[in-house]
Each structure stands twice: as C-alpha cells, then as structure tokens.
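Here the structure is laid out as structure tokens; the discussion comes afterwards.
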Protein chains: 2
Amino acid sequence: MDKQTITIYDVAREANVSMATVSRVVNGNQNVKPATRKKVLEVIDRLDYRPNAVARGLASKKTTTVGVVIPDVSNTFFSSLARGIDDVATMYKYNIILANSDGNDQKEINVLNTLLAKQVDGIIFMGHHITEEIRGEFSRSKTPVVLSGSIDPDHQVGSVNIDYKEATSDSVSLLAENGHKKIAFISGSLLDPINGKMRLEGYKKALKSAGIKYSEGLIFESEYNYKAGETLATRILNSGATAAFISDDELAVGILNGLTDAGVNVPDDFEIITSNNSLLTEIARPRLSSITQPLYDIGAVSMRLLTKMMNKEEVEEKTIILPYTISKKDSTK
Amino acid sequence: MDKQTITIYDVAREANVSMATVSRVVNGNQNVKPATRKKVLEVIDRLDYRPNAVARGLASKKTTTVGVVIPDVSNTFFSSLARGIDDVATMYKYNIILANSDGNDQKEINVLNTLLAKQVDGIIFMGHHITEEIRGEFSRSKTPVVLSGSIDPDHQVGSVNIDYKEATSDSVSLLAENGHKKIAFISGSLLDPINGKMRLEGYKKALKSAGIKYSEGLIFESEYNYKAGETLATRILNSGATAAFISDDELAVGILNGLTDAGVNVPDDFEIITSNNSLLTEIARPRLSSITQPLYDIGAVSMRLLTKMMNKEEVEEKTIILPYTISKKDSTK
DNA sequence: CTGAAAGCGCTAACAT
DNA sequence: ATGTTAGCGCTTTCAG
C-alpha cells in the first residue's frame, strides 16, 4: 500500500532528534521546545513526510475511523443521514467506512464483523430493524454503537430518532380533522419496530381520539418505491379510503401519480400526507404535505453522540429524540 | 479500539502450533496439513478469534480498503455511482472509505491526503473538474486512481464515463429534428471539462449539422438544483428558446415546473431533454425525456478497473467509455 | 508442512 | 524537554 518510504525514523535522523520527539510534534504534544518543533516541522515538510495511519492505529489502538452500516446509499433518506454523519465525523477528525447492507440480516452481520476487524472506533447503524443476532454482536463487541434513524427496543446502544408515534398521530389527526373517516395507513413491513410498532400505534391513537374505528382493510404494507405506489393506487381506492398517511415519499409520489392518472383529484377527492419531506414532495404536483424529519441532523447528532461515547465521556441520555414538524402543502386541504 | 484480546498468538498456543501456521490457515495458504488446519480452525472458532486488520495492514502493506472522494453523497447522481462502487468493492473484499469533498478544491486535497495517510490501496475520485494540484497529488502518490464520471484531460489515471459529447449532440439533434431553431443549452459551470468542453462541443456539433447558428444568448449556466430551475424558467422563455437541453435532472424538473406554472405547455410549446434519467424524470409530469447514463455501472466498472490496477494486472485501456441511450418520454414530441 | 524471528511504522511508558 | 525501549498483532522470509 505505501509507496512513500519516508518514515518517522527518517525524519528523526534528518532533524537530529529521536523518533519520540517527532511523534510528539506530529501529535501536537506541548512538551517540545519551540525551536525543536520548528526544526522537525521543517524536515517533515522538506521530506514530505506523511504519518502512516495504519501503524499509528496499531500502536495507539485508535483508528479514527468509524464504520457506517447503511441499507442503501443510493436511497436519499439514508444518504441524507450519511451526509450529516460524515460532516460531523470530519469535524472531529474521523473518517467513515461506508458499507451497504441492503437491510439484509446476514449482510449486516458480515459487514459488522469486517468493520470490527478493521478496528473501527465506533459504529453507526442504520436499518429498519435490529435482529437479536445483531444486538448480540453489539453487546459483546464493546465498540460504541449508535443507531441512526432506527429504533432500539431496549436502549442498549445509543440512538437518534424523531418521535415516530407522535408524528404519525399528528398527521393522521390532521386528516381526521378534515373530516375523513376512512384513512389508509400505508407503510413498509409492519414487523419493523418503527413501522409496525411506533407508526401504527400513532395511527391507532389518532383514530381513537377522533372516534374512528380501526379497520384492517385500510392497512397497506408496501415496498418503498415509486412503482409499488403506482400499482397500489387502485387498491387503495377500492378500500374506500379518502385519505392516506404514507411513510415514504417515493411511495407517496407513486400513489399520488397513480391516483391522479386514475382521475382522482388530490386533495379534493383524496388527501395525502407523507413522511420525509424530501425534494420529491416539492416536485410532485400537487406538492405533498409531509412530516418534516431533520434527516441531516439525525445523522449529525448520531455522530456527535458517537464521538462522546468513543471519547468515554459521560452521556446523560443516549436515546435522543429530535423534533419534527408537519409541513402542509397542497395534498391536504 | 480493540476490546477483544484474543490474538493470533493465543490461537497458536491453544492449537499447539506456531503463529505462522495460524496465519497460513487464516490466509488460506495451501501449505498446511488438513488435520492441522482443522485443529486451528476449531480453536479460532472456539476462541472467537477475529484477525486484526490493522496489524495485518501494517505487516502486509495492504489495507483492502479504497478511498472514495465524492462531492456529495446525498446527491443521487453520485450516490448511484457510489452504490455501484461499493457493490463491486464488496465483491472483491474491499471496503470503502467515503469522504465528501463538496467539489471544493481544498477539501479534495485534504481528503486525498488523509486517505493516503490511511494507506488505502486505491482511490476512486468523483468531481466535476480535476485541478492541476489534484493531478499532481495523483501522480506522485503511486496509489492507483480511477475517476468515476469525471473527465481526465490527459488520461494519466483511469476513468470511466459515457461519451458526453455524442450524448449531448444526439439529444440536441433530436430537438433540432423536431423543428426547433432556438435550442437552449442549460448546464453547470462551463469551466468544467464535461460541461464546458464535452457537452458544449456536442451542442455546437448538433447545431452545425442542423444548420442552426450558435447564439450566446441561449447558453445558461446554473446550479444543479430545483429552485435554480424554477427561477431560471422565465429567463429561458425570454431568450426566445422553444426547447432545451439540460444537463441535470433536478434542474430540469425545476425548469419544467417553472415553465408549467408560467402557463407553458410541455412538450407542445416547449420541449425538454435532460441528462440523467433518474427517478425524477419518471415522477415529473410530463415525464422527462432524457439521456440514460448507466450510473450504477459507471461506478461498478470504475471499481472493477481499480481492482485490476491495485492487483497490478495489465489493463489494455484505462479510459473506459460506457454506452448511453436516449429515453424519449413525454417532454419531447 | 511447520517454526523462528525479523520487521511493518508508530505510540507510550519510562528514563534521564 | 528529549531519548530509549518495548511492544501493537500480524505477515513473511528463511530454515528445517
């Protein structure tokens, strides 16, 4: 890997000091006489010396690298989180090893293991659900872990999220207040803690306080993509629903376009509220009303939390809930 | 960083062999008696031994990680490339250190240096332009570099792209064939090699063969985002253009919506052809006709090329051009 | 087929 | 303030 052959030893020799001293100036240790420091820096510059981070990692047991497990970088939801993560990582001098898992349990395990083998100082994990096996790996590794935009059922590791239950409840209530009695709940797998537990609970809560009875027929599980939405549109109409809460923007736009193509007018005949307030909600016509999740911030805060954990600082609360808002646009009245 | 204290030495002792032998079985060296291998594997499993990749990297001078410099992960254009990169990286047992550069020259240099300090085995670079300084770093580092979706003016490093000039020319010709005389060219900075040289050349070429004279007034430089597009719409109308080639989808949708909101009917009054065929072109109404770039493949092929270079295999051609197509949808007639 | 031993380049006590 | 000396955990000759 290394092509440069200039080591700390070369610098030491050229500067007539010991490698310890060179190491000190490289690491900003104050116990170095200014004159010596200057001399060393001059040699470092002249020789174009670049400390070998691998050797450093081996000796110090710190790699200043954190592993990021992500279902899919090309999904804007996750890449927004990733951007927040990388920005604060950079701020704290860490680098990111990014690994796609496809949300696949086995891959998650594999990836986690290679990350740990690479001695990352910490891990940020994104995924729709945390399997028992993954949780087991987390606990026996001692490497700090933070879940970003994912729920940890028993708060063993750090996590940063919004309050999905409340956000969903608020959204559904908004629909209920507009007079809808048949409100569809359209989401990913109900087996996921966020979709199945938090969101569905929020949905039910809103129905309850609006005095609407829950009906299985209005619950739709779908993949999170545009095509799935287009296809789903007619099924939703057939269910008799006149409004829908949707947990993914791409899916929501698919449904919106599917509905529109079927001659349904949104919001006059059907109201929609989606969940991520991504650019898609702005592009769609009508523009989609949506929960606004601070995705970038969730990523940024996750990384900040992780830096504290890696630094062994005391963290008062490692389950962080960030605020959300509801952005009313043109798909609701 | 490491919490596990089980080293190769522990395994060696437990298995009554030398660490050299353990190393051999871990690395799949064939010179190990099956019985010995079995015994070692059994101990590895029992002790839950996981080789320390950092130590391995120091000793072998190979980190099996590659650095990826990306302007912005949260931009779908780049994250699509990134996904292709990571998938083949995984396939070849490499990991990815992802670093955002914001397309900022200084950050690119910084990031490149920390990547090299981390002893990455290779680098994939994405960016709109390659500065002299960056090129200088590339050449003196000896670490293999591949540009993904970026042009290298003098083919010093590997690169994977489509033929931007031809793709643009084809698109503009399509517009010209539909009878348009005033075709706008809307792109990012003309100082970028791709936008300024390749694409603009393609545009001019198409005009020429259609017998249309080039006019400065139809050239628009813009940022690549939705809002910029909306704003730009009226200026484009005022230019007298009746069709436009646009080099970014988000920008294109902004222009489309801006035009539509201004009462212009696309494609009857104005035709549009954009460049990335992303999901946005599908979501927009009317759906946008577009050049289809194999983004995922560009990333995948880049990484594949890099693996060859890292492996010191002979590569016949390190400047790879992938095919594109033109996908006609509803924004052209 | 297996072991011994010398590093890889750097950090971190421990001395001085 | 600076130098000495062990390692960090693993790969890799070189012997045998």
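Residue numbers begin at 1 in each chain, while the letters A, B, ... track the order of the sequences. Heavy atoms only: backbone and side chains are in, while hydrogens, waters and symmetry mates are out.
Note that the two end axes of the helix from dC1(C)-dG16(D) to dT16(C)-dA1(D) enclose an angle of 30°, each drawn from 5 base pairs, rounded to 10 degrees.
Residues satisfying the salt bridge (Lys or Arg N to Asp or Glu O under 4.0 Å) criterion with Lys38(A), sequence neighbours excluded, are absent altogether. Qualifying salt bridge (Lys or Arg N to Asp or Glu O under 4.0 Å) partners for Asp72(A), counting only residues two or more places apart in sequence or in other chains: Arg83(B). Residues passing the side chain to side chain donor-acceptor pair (under 3.5 Å) test with Glu314(A): none are found, sequence neighbours excluded.
Side-chain atoms of Ser18(B) lie closest to dG3(C) of the nucleotides dG3(C), dA1(D), dG9(C). When distances are taken from the side chain of Asn31(A) to each of dG9(C), dT2(C), dA1(D), the shortest belongs to dA1(D). In the set dC8(D), dC8(C), dC10(D), the nucleotide with an atom closest to the side chain of Thr7(B) is dC10(D).
Atom CZ of Phe125(B) and atom OG of Ser101(B) lie 6.0 Å apart (nearest 0.5 Å).
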Ignoring hydrogens and angles, write down the donor-acceptor pairs under 3.5 Å from the side chains of residues 8-15 of chain A, residues two or more places apart or on other chains.
from, atom 1, to, atom 2, distance (Å)
Asp10(A), OD1, Arg13(A), NH2, 2.8
Asp10(A), OD2, Thr7(A), N, 2.7
Glu14(A), OE1, Arg46(A), NH2, 3.4

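In this structure, Arg135(A) pairs ionically with Glu132(A), as a charged nitrogen and a carboxylate oxygen lie closer than 4.0 Å.
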Summary of protein contacts for nucleotides 11-16 of chain C, nucleotide by nucleotide, where a base hit scores B, a sugar-phosphate-only hit scores S (4.0 Å, heavy atoms): BBB---
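Thr21(B) has no side-chain polar atom (N or O) that falls below the 4.0 Å cut-off from OP1 or OP2 of dT2(C).
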